[in-house]
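If you're wondering where the values come from, they're calculated on a predicted model, not measured in any experiment.
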Amino acid sequence: MMSKPDVSESLDQQIKHIKADIDRELALFFDHKITEAGRIDSQYKRLVSEMKKFTLRGGKRLRPFMAYLGYQVGGGKSYDNFIRTAMAWELYHSFAVIHDDIMDQDSRRYGGPNITGAYERFYSRNNPKPQVDLHARNASLLAGDVAMGFSFEALMNAPIDMQLRERLVREMLKLHFSLAAGQFLDDVAVLHKDLNPKKIRKIYYYKTARYSMIVPLMSGGLLAGCNDTILDILEKYGRHAGIAYQISDDLLGMFGSSKELGKPVITDLREGKKTILMHYGYKFADATQTKILDKFYGNPDVSMRDLKLVRKILVENGAKAKTIFMARAESESAKQAIGKLALPGELPKIFVNFTDYLIGRSS
């Protein structure tokens, strides 16, 4: 029997506590699936083994932690059942980041090779590069598909009431539909020069807020039996917290290090990723700065030296400061939303600290 985090623990300790328990369940789940895969073929066993290594190597398990916060709001009692259910959100996250890396053409994540990177190394021993690139990407694509299936399998096998299980499956299906919308809009936005902040916020909502905050938080609330009024407040908190998180993530993507990101720091600039930061970067730029941004933004051949120049512009023209202010404003709105609930004990403080944590990485 597992023990839930103690309210006297620091936020960081509570997150690590949830991570340790989720990782234990993930390891057991993957070991079972690796055995199943081995009955089919040794190469398939290798793929599922790579998925296990990739999933357990990185990530703070923020989505299960969000679910835990929702569970705490509702006064949930069965921590073991919660962990075995919340594991599904991390399996879904594994699917999402695997496919996200394919779309971004990245071969690293969590400070090491992702599925594509692992198979590039494996296949490069005896095959020409075009074949290596193709089949490494194919392996990654299929691994993502398998991880998504795993997430639904984990939910279907969750030790909870059947009616509640069906509700959570429906919520995940709706999430899957809306996440694909956010990913698609984010991808096609690169083809357009319009940096309309309303469109960018729409992407933030569907790609990040619903996926990382709203649905995990509300799923925890549902597990604990929260009523619709409480779920509505959790939705509002998650919306603002998720947008704050994505704004901060974009700042980190421009100003962070490869060590912090766990992948190449130059990716967002090369892609020409549409962000609130770059919206203000252009809005506040003078003619000379605009010319430089046009040269490097969305240029696949930019160097670290070019990135440093773009960073300098975004600091000097106030775009970075404005974006940090917006992230903080969203986080304050999140705190105001959750403040409408009469939460017991240390829970109000935990929500405040967690909201600050979401934006603290970049400011």
Side-chain angles (χ1 to χ4, degrees), residues 1-5 14-68 70-71 76 78-101 109-110 112-115 118-119 139-162 164-173 175-176 179 211-212 215-216 219-220 222-223:
M1 185 173 179
M2 293 177 277
S3 60
K4 67 180 183 179
Q14 291 188 51
I15 292 172
K16 288 179 179 178
H17 190 128
I18 296 293
K19 174 178 167 58
D21 290 339
I22 289 289
D23 283 358
R24 191 178 304 113
E25 289 301 312
L26 285 170
L28 291 171
F29 180 89
F30 271 109
D31 286 344
H32 175 67
K33 302 310 291 188
I34 287 167
T35 300
E36 281 190 19
R39 296 191 189 108
I40 297 174
D41 192 272
S42 60
Q43 292 188 74
Y44 193 42
K45 180 179 180 179
R46 181 190 181 97
L47 178 65
V48 180
S49 298
E50 289 293 345
M51 291 171 61
K52 177 186 176 182
K53 286 193 290 184
F54 171 73
T55 301
L56 291 178
R57 188 177 70 231
K60 295 183 176 66
R61 312 300 181 238
L62 290 186
R63 288 147 198 88
F65 187 75
M66 289 298 297
Y68 176 68
Y71 194 65
S78 181
Y79 181 69
D80 284 44
N81 287 353
F82 163 77
I83 288 294
R84 293 187 181 107
T85 306
M87 174 183 68
W89 298 107
E90 198 59 35
L91 288 165
Y92 187 83
H93 178 57
S94 188
F95 140 72
V97 294
I98 289 170
H99 278 207
D100 189 56
D101 284 351
R109 167 83 66 164
Y110 304 140
N114 57 18
I115 303 296
Y119 273 89
S140 190
L141 179 67
L142 290 169
D145 292 344
V146 171
M148 182 179 65
F150 283 173
S151 67
F152 283 97
E153 181 178 340
L155 270 187
M156 294 302 295
N157 293 331
I160 56 177
D161 175 78
M162 183 181 295
L164 178 57
R165 187 188 303 139
E166 290 175 355
R167 172 78 185 272
L168 290 176
V169 169
R170 288 197 300 272
E171 292 300 324
M172 187 174 278
L173 286 168
L175 168 64
H176 187 63
L179 176 61
Y211 157 55
S212 294
V215 177
S219 73
L222 284 168
L223 278 170

- Item | Main-chain N/O of A158 paired with R165 side-chain donor or acceptor, under 3.5 Å | yes

- Note on the structure: Minimal heavy-atom distance between L47 and A139, with the atoms involved, is CD1-O, 3.7 Å

- Item | Trace of the side chain to side chain contact (heavy atoms under 4.5 Å, CB included) decision for M87 with L28 | CA-CA 11 Å; M87 174 183 68; L28 291 171; over 6 Å; no

- Query: Where do L91 and E153 land on the side chain to side chain contact (heavy atoms under 4.5 Å, CB included) test, with the steps shown first?
  - Reply: CA-CA 10 Å; L91 288 165; E153 181 178 340; over 6 Å; no

- Mind checking the CG-CG spacing from L168 to L173? Nearest 0.5 Å is all I need. 11.0 Å

- Task: Could you tell me which non-hydrogen atom of W89 sits nearest to which non-hydrogen atom of S219, and how far apart they are?
- Result: NE1-OG, 3.2 Å

- Query: Can you name the nearest heavy-atom pair linking S151 to M172, along with the distance?
  - Reply: OG-SD, 3.7 Å

- Distance (rounded to the nearest 0.5 Å) between E25 CD and F30 CZ: 13.0 Å

- Message: Using modelled atom types and a 3.5 Å cut-off, is there a donor and acceptor pairing between side-chain atoms of H93 and backbone atoms of S212?
- Response: no

- Query: Is the Y68-H17 ring centre distance short of 6.0 angstrom?
  - Reply: no

- Value for OH (Y79) from CZ (R84), rounded to nearest 0.5 Å, stands at 11.0 Å

- Query: Quick one: does P64's side chain get under 4.5 Å of Y71's, heavy atoms only?
  - Reply: no

- Task: Indicate the atoms forming the closest heavy-atom contact of M66 with P216, along with that distance.
- Result: CB-CB, 4.0 Å

- Message: Any heavy-atom pair between the side chains of N114 and I98 that's under 4.5 Å?
- Response: no

- Query: What's the verdict on side chain to side chain contact (heavy atoms under 4.5 Å, CB included) for Y211 and Y92, showing C-alpha distance, side-chain angles and the deciding distance?
  - Reply: CA-CA 10 Å; Y211 157 55; Y92 187 83; 3.9 Å; yes

- Do K4 and D21 sit within salt-bridge range, that is, some charged N less than 4.0 Å from a carboxylate O? no

- side-chain contact (heavy atoms from CB on, under 4.5 Å) with S94: of I115, T55, L56, only one passes, and it is T55

- Note on the structure: So CG of L26 and CG of D31: to nearest 0.5 Å the spacing works out to 10.5 Å

- Message: Please give me the minimum heavy-atom distance between V215 and E171, naming the atom from each residue.
- Response: CG1-O, 4.4 Å

- Query: What is the minimum heavy-atom distance between L164 and L222, and which atoms define it?
  - Reply: CD1-O, 3.7 Å

- Task: Drop me the distance from Y110's OH to K60's NZ, to the nearest 0.5 angstrom.
- Result: 10.0 Å

- Query: Can the positive tip of R39 be found less than 6.0 Å from the middle of the six-membered ring of Y44, inside 45° of the ring normal?
  - Reply: no

- Separation between CG of L142 and OH of Y119, rounded to the nearest 0.5 Å: 10.0 Å

- Going by heavy atoms in the side chains, are F54 and M51 under 4.5 Å from each other? no

- Item | Under 3.5 Å: donor-acceptor pair, side chain of K19, backbone of G59 | yes

